[in-house]
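Report on the following structure.
The sequence lines fix the lettering, A, B, ..., with proteins before strands; numbering per chain opens at 1.
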There are 2 protein chains.
Amino acid sequence: MVKRVSLSDAECPMARSLDGIGDWWSLLIVRDAFDGVRRFGEFQKSLGISKGILARRLQGLVALGVLTMTSASDGSAWQDYVLTSKGEALFPVIVALRQWGEAFCYRPGEPHSELVDRKKGKSLAPLVVRDADGEIIQMRDTVVKKLALSSKDY
Amino acid sequence: MVKRVSLSDAECPMARSLDGIGDWWSLLIVRDAFDGVRRFGEFQKSLGISKGILARRLQGLVALGVLTMTSASDGSAWQDYVLTSKGEALFPVIVALRQWGEAFCYRPGEPHSELVDRKKGKSLAPLVVRDADGEIIQMRDTVVKKLALSSKDY
DNA sequence: CAGGATCCAATACGATACTG
DNA sequence: CAGTATCGTATTGGATCCTG
């Protein structure tokens, strides 16, 4: 959008992610899809988004391979939008954003919805970042390694 | 932006998060801040963003409490932008987006930068979502519990 | 160099009307 | 109901010029 410096060919994976789903609606659509929303009208009602933008976003997510269209489960003439495995892989992203919002975007006591596990009904554990050996690490323990090597890096 | 339905008073923490940092540049600025970028000019060069937008985004992140301005480390008259604890708490979000990008936004063999731990130089472990007892759970094991109760919830 | 001010193109988004 | 088409407006974001 607004064709800025193209992020789509960036060497940073985060930039590529954002290039595809980094707008205001896509991740909210994905969140709804996680919650079981499948139909155009359900998305529209849930999000309060205009029809035109919703249609474009759904198209974009389908084109990206995050959602796929299947014949409607209720036998109607229309399509259902369901998450692909690529879409389901956004689960940690959703959880991370939600947990950050819970922790930093509400005043104390202000109510908000909660993501709980279905069996126990309890909140999830905070996401933690671990190294290859499973040890918990902090931001300061990491560094970005650039690979400019395009073919055989030996 | 484009004053759509305000997400800032949403009951969904994810919507609130996106309301603050859900644009195209904010998370990339935060990523750079994680990588040690502090100065206006460094951000601009690293991101290829125009000065006007960068200034506005930095202001927004400062207003949000994600960044803070400190007197420049090199003694110049200007300010450094550094992450607050609220900003540092975005670490799992950054990692989640990066890992998703690595896994799904590159063709096989296509090079990209890599986030490694400083000591061992190895890639991080994939983020996993766990329940309150530390057990790994999937998307399908969770459900959103809405709390509409605004004061005493019984 | 760090920003602010201004101008302009592209577009994101909402509202509405239209179609099958 | 599921979209598409059109229109108006607000905002983005780049480029340029200006200042301390």
Side-chain angles (χ1 to χ4, degrees), chain A residues 1-10 15 18-30 32-33 37-64 67-82, chain B residues 1-10 15 18-30 32-33 37-64 67-82:
Chain A
M1 315 24 191
V2 155
K3 254 349 171 215
R4 74 236 104 102
V5 188
S6 170
L7 267 43
S8 58
D9 57 350
L18 290 176
D19 191 65
I21 56 168
D23 67 291
W24 265 294
W25 289 116
S26 292
L27 276 176
L28 291 170
I29 292 172
V30 170
D32 272 14
V37 174
R38 300 173 139 244
R39 299 298 289 269
F40 189 94
E42 291 179 317
F43 283 111
Q44 205 203 338
K45 184 163 47 175
S46 165
L47 295 168
I49 187 180
S50 72
K51 301 170 76 160
I53 291 295
L54 176 58
R56 206 181 311 178
R57 286 288 173 272
L58 288 172
Q59 284 173 10
L61 289 170
V62 169
L64 238 180
L67 294 178
T68 188
M69 298 170 75
T70 72
S71 49
S73 49
D74 63 352
S76 74
W78 314 107
Q79 305 284 315
D80 276 12
Y81 296 89
V82 298
Chain B
M1 345 311 225
V2 154
K3 248 2 175 201
R4 76 236 102 102
V5 188
S6 169
L7 268 42
S8 58
D9 57 351
L18 291 176
D19 192 64
I21 57 168
D23 68 290
W24 266 295
W25 290 116
S26 292
L27 277 175
L28 290 169
I29 291 172
V30 170
D32 273 12
V37 174
R38 298 173 141 245
R39 298 299 290 270
F40 189 95
E42 291 178 318
F43 284 110
Q44 205 202 339
K45 185 163 45 174
S46 165
L47 296 167
I49 188 179
S50 72
K51 301 169 77 160
I53 291 296
L54 176 59
R56 207 179 312 176
R57 287 287 173 272
L58 287 173
Q59 283 174 9
L61 289 169
V62 169
L64 237 180
L67 295 178
T68 189
M69 298 171 72
T70 72
S71 50
S73 50
D74 63 353
S76 74
W78 314 110
Q79 306 285 314
D80 276 11
Y81 297 89
V82 300

Taking [atom1] from [X] and [atom2] from [N], how many angstroms apart are they, rounded to a whole number?
X     : N      : atom1 : atom2 : result
A:L18 : D:dG13 : CG    : P     : 12 Å
B:L47 : D:dG14 : CG    : C1'   : 14 Å
A:I49 : C:dT16 : CD1   : C1'   : 16 Å
A:W25 : D:dT12 : CH2   : C1'   : 17 Å
A:L54 : C:dT16 : CG    : C1'   : 16 Å
B:I53 : D:dA10 : CD1   : C1'   : 13 Å

Please check if the side chain of B:Q44 supplies one atom and the backbone of B:F40 the other of a donor-acceptor pair under 3.5 Å.
no
Kindly say whether B:A72 contributes a backbone atom to a donor-acceptor pair with the side chain of B:W78 at under 3.5 angstrom?
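Side chain of B:W78 to backbone of B:A72: no pair is present.
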Could you walk me through whether A:V37 and A:L47 pass the side chain to side chain contact (heavy atoms under 4.5 Å, CB included) test, one step at a time?
CA-CA 11 Å; A:V37 174; A:L47 295 168; over 6 Å; no
Roughly how far, to the nearest 0.5 Å, is CG of B:D32 from CH2 of B:W25?
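Here the interatomic distance stands at 10.0 Å.
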Distance in Å, B:I53 CD1 paired with B:W24 CH2, rounded so as to fall on 0.5 Å steps:
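Those atoms lie 12.5 Å apart.
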Take B:I49 and B:L28, measure what side chain to side chain contact (heavy atoms under 4.5 Å, CB included) needs, and give me the verdict at the end.
CA-CA 11 Å; B:I49 188 179; B:L28 290 169; over 6 Å; no
For [N], take OP1 and OP2 only and decide whether either is under 4.0 Å from a side-chain N or O of [X].
X     : N      : result
A:S50 : C:dG14 : yes
A:W24 : C:dA12 : no
A:R57 : C:dC13 : yes

Please report the closest heavy-atom contact between A:S26 and A:G20, naming both atoms and the distance.
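In this case the closest contact between A:S26 and A:G20 is OG-O, 4.4 Å.
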Assign a letter to each nucleotide of nucleotides 2-7 of chain C from its 5' end: B, base within under 4.0 Å of a protein heavy atom; S, sugar-phosphate only; -, no contact.
SBS---
For the pair A:L61 and A:I29, evaluate side chain to side chain contact (heavy atoms under 4.5 Å, CB included) and give the outcome as yes or no after the intermediate values.
CA-CA 9 Å; A:L61 289 170; A:I29 292 172; 3.7 Å; yes
At what angle, to 10 degrees, do the two end axes of the helix from C:dC1-D:dG20 to C:dG20-D:dC1 meet, given five pairs define each axis?
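Terminal axis comparison yields 30°.
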Kindly indicate, with the supporting measurements, whether the criterion side chain to side chain contact (heavy atoms under 4.5 Å, CB included) is fulfilled by B:D80 and B:R39.
CA-CA 5 Å; B:D80 276 11; B:R39 298 299 290 270; 2.7 Å; yes
